[in-house]
Amino acid sequence: MEFNYGENVHVIVGNELLNGWYNGKEFGTGNSLVKVSRDKIIPTKDCFIAKEKEAELVVVPQCVDDWFIFCTSVGYDLANALYIVKGHMPVAIYEWLQNNNDNQELLARAWMDGYEVEKEPLYYVKLIDQATGYLNVRNDGRRSLSNSVQNDGFKTKFTESEIKAMDKGEVYWLLNEPIEEAEGEA
């Protein structure tokens, strides 16, 4: 068992669970010290050490990841990242924080312990009811329909926000086809 310097660990002595920090040589609590080596436990009477369970990564929306990237680029700390002022932060993060009081705690946990970004569902936009009737976006940003030369690999995948951000996006959204459904039918 290996421990990292400064890592929070638990020591069980007899029937008592002690919580403290490992400093590379010893485990310390407020009133006792237990010697441990970096890769193994130095035997002591009725004592063993268990590494504290790693914190689970919280899952946050993409807007939180974007906010964190901005905050770190301008040198903000957690207090600045949590400073909720309309106009001070992007609308998406402001609304997400205002939407649920628990989101402030979730943002703080993500900042301190790490996080994963939730994956947005993807959609095709089917304009015509045939195999070549899907909306595509080329590398230059121009939109087109699939043609007879293209196959399923050329169908452009969109998030909901990407579809709705297009001109005629509300109409395109009505024509969305969730990718899981579409691929399940093939």
Side-chain angles (χ1 to χ4, degrees), residues 1-123 156-166 169 173 176 178-180:
M1 191 180 282
E2 289 195 21
F3 302 103
N4 297 318
Y5 182 84
E7 183 170 26
N8 194 11
V9 294
H10 301 289
V11 174
I12 299 175
V13 179
N15 292 329
E16 186 179 359
L17 175 67
L18 304 174
N19 188 10
W21 292 94
Y22 173 64
N23 71 6
K25 295 179 185 174
E26 301 167 321
F27 169 82
T29 64
N31 54 8
S32 66
L33 209 56
V34 177
K35 292 196 179 295
V36 293
S37 72
R38 185 155 182 74
D39 59 350
K40 64 181 181 180
I41 299 165
I42 296 174
T44 60
K45 186 178 182 218
D46 294 330
C47 177
F48 72 90
I49 298 177
K51 193 174 187 178
E52 183 171 58
K53 181 183 169 192
E54 296 286 325
E56 286 187 31
L57 296 179
V58 296
V59 179
V60 296
Q62 181 64 49
C63 65
V64 172
D65 184 49
D66 296 340
W67 179 238
F68 284 175
I69 291 168
F70 170 79
C71 289
T72 54
S73 73
V74 296
Y76 281 6
D77 60 7
L78 176 58
N80 293 117
L82 279 168
Y83 186 59
I84 304 168
V85 177
K86 195 171 191 173
H88 169 73
M89 56 182 44
V91 172
I93 190 74
Y94 177 82
E95 288 176 353
W96 181 78
L97 288 169
Q98 293 295 320
N99 184 38
N100 183 337
N101 287 337
D102 292 340
N103 287 348
Q104 294 173 21
E105 180 182 341
L106 190 62
L107 184 134
R109 286 185 50 218
W111 183 280
M112 294 184 303
D113 298 332
Y115 60 94
E116 293 178 2
V117 178
E118 72 185 3
K119 296 187 182 356
E120 288 188 70
L122 297 174
Y123 305 90
T156 303
K157 299 174 183 178
F158 301 97
T159 64
E160 179 179 351
S161 57
E162 289 171 333
I163 294 171
K164 289 183 175 179
M166 295 180 201
W173 178 244
N176 83 73
I179 288 182
E180 296 80 7

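Sequence positions, counted from 1, serve as the residue numbers for this chain.
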task = Answer whether the closest heavy-atom distance between the side chains of E120 and S161 falls below 4.5 Å.
result = yes
remark   = Which of W96, W67, Y83 passes side-chain contact (heavy atoms from CB on, under 4.5 Å) with M89? It is W67
key: R109 CZ to L57 CG distance, which is reported to the nearest 0.5 Å   = 9.5 Å
task = Please examine the side chains of F70 and P90, heavy atoms only from C-beta on, and report whether any two atoms are closer than 4.5 Å.
result = no
message = Please find the pair of heavy atoms, one from K157 and one from E162, that lie closest to each other, and give the distance.
response = O-OE1, 4.1 Å
request  = Can you spot which of L97, V58, V64, V59 makes a side-chain contact (heavy atoms from CB on, under 4.5 Å) with L106?
outcome  = V58
query = When rounded to the nearest 0.5 angstrom, what distance separates CZ in F158 from CD1 in I179?
reply = 9.5 Å
ask   = Under 3.5 Å, side chain of D77 to main-chain N/O of N80, donor-acceptor pair present?
value = yes
query = Quick one: side-chain hydrogen bond (donor to acceptor under 3.5 Å, both in side chains) partners of D65, sequence neighbours excluded?
reply = Q62, Y115
remark   = On a heavy-atom basis, the closest approach of A108 and L82 is CB-CD1, 4.2 Å
ask   = Is the CG atom of N101 crowded by more than 12 outside heavy atoms at less than 6.0 Å?
value = no
message = Evaluate L107 against I93 for side chain to side chain contact (heavy atoms under 4.5 Å, CB included), listing each step before the verdict.
response = CA-CA 10 Å; L107 184 134; I93 190 74; 4.1 Å; yes
request  = Kindly give the heavy-atom pair with the smallest separation between I163 and Y123, and that separation in Å.
outcome  = CD1-CB, 3.9 Å
